[in-house]
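Below is one structure, written out as structure tokens; comments come after it.
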There are 2 protein chains.
Amino acid sequence: MNKPSKLPTVKSDKDALLSNIALLYYGEGLTQSEIAKRYKLSRVTIVNMLRDCRERGIVEIRVDGQHLAASSLSRDLCEKYGLQDVYIAVDGIEDGSTRRSDKLAQVARVASMAILDIVEPGDRIGVAWGETIAAVANAMPRNSVPGTQVCQLIGSQESARVPASEICAIEVANKLGAQCHTLHAPGILSSAELASALKSEVTIQTQLARLSSLDMTIAAVGHLGRDTHMAAADIASIAELEAARHQGAAGIICCRYIDGNGQEIRTAPYDRIIAASINDIKAAPKKLLVVCGNDRLDATRAAIHGGLVTHLVADRELAEALINS
Amino acid sequence: MNKPSKLPTVKSDKDALLSNIALLYYGEGLTQSEIAKRYKLSRVTIVNMLRDCRERGIVEIRVDGQHLAASSLSRDLCEKYGLQDVYIAVDGIEDGSTRRSDKLAQVARVASMAILDIVEPGDRIGVAWGETIAAVANAMPRNSVPGTQVCQLIGSQESARVPASEICAIEVANKLGAQCHTLHAPGILSSAELASALKSEVTIQTQLARLSSLDMTIAAVGHLGRDTHMAAADIASIAELEAARHQGAAGIICCRYIDGNGQEIRTAPYDRIIAASINDIKAAPKKLLVVCGNDRLDATRAAIHGGLVTHLVADRELAEALINS
DNA sequence: CAACCTTCTTTACAAATGTCAACAATCAAT
DNA sequence: ATTGATTGTTGACATTTGTAAAGAAGGTTG
């Protein structure tokens, strides 16, 4: 009466089985042994299947962003700075003993949930570059949003600390199931002339033009200290950073200096850089800024004042500092 | 330097903490003890918090519907019957030893994932009534879809086996964060005259009118056996069911009889019923049918042939029977 | 046929988790 | 101040889970 085939194991029939087992475990709350009995498999197999489910994104565990942005601190910050949403990563211990990497990981994780809250189908999303952005890309769960595009905001550049710029963009795109527009140019060139020439190449021009019509940006903000990402990636020299600081630079966003009011400061290596402009960012209706660490207090305020932020993700200490300043 | 308040515990600051802990546990993969240490709480507290997170929908564990509809059986059924998607619940043991309640629970769980796949923001969704629908409502995770409305398809009626019709609709609405339009009338009246009078009441008329412009329906299909839901809920008598069967009724959907081709059979208690019409269902562009059990084979085929189904959720045995028939 | 790969099983053990009961601290309000 | 409710803690315990190692079964390939 049934088909004679013993095991109907065409390729992805396995997927269907995995999903069903995931439902029993995560949904119904059955124990692994119960499931094993039911399907006449060993418990070890069930364990492996469940791991598979998580790794392959068949089950997706996500945290509701609304709740992350629900604290009173969040609301206070929204009001004080005119932001749309503020998501706060709260790290347990107050005495600063948490390592920066732990803190950053948590901020990144919160950011990744915030992103899923903010992104809408069809959005064109600009992704910047840096330690923070890399952490965010890494933390994002696989969760497609139909019709999205991801654009790389900063030219490709190697850095000891961080995967290259296009790697970040591609990872975000993969996680979102988005089409990815990479920027086929280095982030920094040796002379302004060369940069300028490159920018007039049709292909590059097209890529840069796209950045002026973004729906959303995901960026971090850097400080001007000597261990800043700009220096670590050989984009700016220590001397240039020093000079920028003297001209009032309070922060770095998308490899561009901004002053305390968020206005752009076009000083070296400004014209050797290939990246989205401050105006490109400003033009996007949704602008997510992800920041971790009190040393970025001024930079964060600057970015906000400059209209470069609509949604903020920060750690609790920074958030408190923002309120109290 | 900081605010003097010892614990910034305004109402939902706790939610923010819960989310963060959920992220560490589910996202980062930290162990409960590690989290407890980090936040200086006891492990028991963490356990409780995580339970809270799940119960309150702060973490949401969902299974990707695509994978549920990925088996070759699904694809075969889509092709054979011209359906858009078929989701199959695969219960472990083949010898039929699985209790119907277990099987139904699994089908319902699969259905609830399917629903999340199918529903789009702004949809007006009709929800029918019965054992199956109740199970689906129960299995659905809390997952809001913006701008959705839920409409009760069948008037309110008590039944020993199943929570009343409006309860099902309301539960689905709650889970989807949808506005809920209940039907303020009994499902069955003692006479056609009374039913007719009631249907001309403006309020009822408005409610019924809404049902002709649904974006999606969620229904099950009943058989004509004597333990059918229609009888259990005192909507149709055994005699009436018998009569309907003689007139060729092959199934019941939304308290309406349909013949083997899915055409409506307007026999008793047809005109004493207050519920959506077969045409209302037919008019919806997305029609999800949830069925469990081989005894509904004919009824399911009938509903499909009548154009009352675009998406199907079924258990594996039924799915195989549909393929082999 | 033999070698090999993949997949699942069994067994065993260590670690993590859920749960209980009894107890402390805090806060509100009588 | 006493009472009660809430919230979290401790310690103890049984269960569940993750993981490793060794082997069986089936299919593929040279």
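Proteins come first, then strands; the chains are lettered A, B, ... in the order of their sequence lines, and each starts at number 1. Hydrogens, waters and symmetry mates are skipped; everything else that's a heavy atom, side chains included, is used. What you are looking at is a predicted structure, and each value in this text was computed from that prediction instead of being measured.
Across the protein-nucleic acid pair, A:Asp52 atom CG and C:dT6 atom P stand 14 Å apart, rounded to whole Å. Counting to the nearest Å, the P atom of D:dT16 and the CG atom of A:Leu50 are 15 Å from each other. The distance between atom NZ of A:Lys37 and atom C1' of C:dC8, rounded to the nearest whole Å, is 19 Å.
Residues from residues 53-63 of chain B that place a heavy atom under 4.0 Å from any atom of DNA chain C: there are none. Residues from residues 18-32 of chain B lying near DNA chain C, meaning a heavy-atom separation below 4.0 Å, are B:Tyr25, B:Thr31, B:Gln32 in numerical order.
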Donor-acceptor pairs under 3.5 Å, side chain of residues 131-143 of chain A to any protein atom, not counting sequence neighbours: which ones?
| unit_1 | atom_1 | unit_2 | atom_2 | d |
| --- | --- | --- | --- | --- |
| A:Asn143 | ND2 | A:Glu60 | OE2 | 2.9 |

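Between its two ends, the helix from C:dC1-D:dG30 to C:dT30-D:dA1 turns its axis by 30°, counting five pairs per end and rounding to 10 degrees.
Applying the side-chain contact (heavy atoms from CB on, under 4.5 Å) rule to B:Ala69 yields the partners B:Asp85, B:Tyr87; only residues at least two apart in sequence or on another chain are considered. Taking the side-chain hydrogen bond (donor to acceptor under 3.5 Å, both in side chains) definition, one finds that A:Asp64 meets it with nothing, sequence neighbours left out. Not counting sequence neighbours, A:Gln179 has no partner by the side-chain hydrogen bond (donor to acceptor under 3.5 Å, both in side chains) test. For B:Glu28, the side-chain contact (heavy atoms from CB on, under 4.5 Å) criterion is met by A:Ala105, A:Arg109, B:Leu24, B:Leu30, not counting sequence neighbours. Residues passing the side-chain contact (heavy atoms from CB on, under 4.5 Å) test with A:Thr148, sequence neighbours excluded: A:Val119, A:Asp123, A:Ile125, A:Val145, A:Leu176, A:Ala178. Partners of B:Glu55 by side-chain contact (heavy atoms from CB on, under 4.5 Å), not counting sequence neighbours, listed by chain and number: B:Arg51, B:Asp52.
Within the 4.5 Å cutoff, side-chain heavy atoms of B:Asp117 are placed close to those of B:Arg62.
Under a 3.5 Å cut-off, the side chain of B:Tyr39 and the backbone N or O of B:Leu17 do not form any donor-acceptor pair. Side-chain N or O atoms of A:Asn20 include one that pairs as donor or acceptor with a backbone N or O of B:Ile88 at under 3.5 Å. For B:Thr31 (side chain) and B:Glu34 (main-chain N/O), no donor-acceptor pair under 3.5 Å exists by modelled atom type.
Every pair passing salt bridge (charged side-chain N to carboxylate O under 4.0 Å, His left out) that includes a residue from residues 158-171 of chain B is listed here, sequence neighbours excluded: B:Glu171-B:Lys175.
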Practice task
Spell out protein contact along nucleotides 8-14 of chain D as letters: B when the base is contacted, S when just the sugar-phosphate is, - when no protein heavy atom is under 4.0 Å; keep the 5' to 3' order.
Solution key: SSBB---

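The two atoms that bring B:Leu18 and B:Cys53 nearest to each other are O-SG, 3.5 Å, heavy atoms only.
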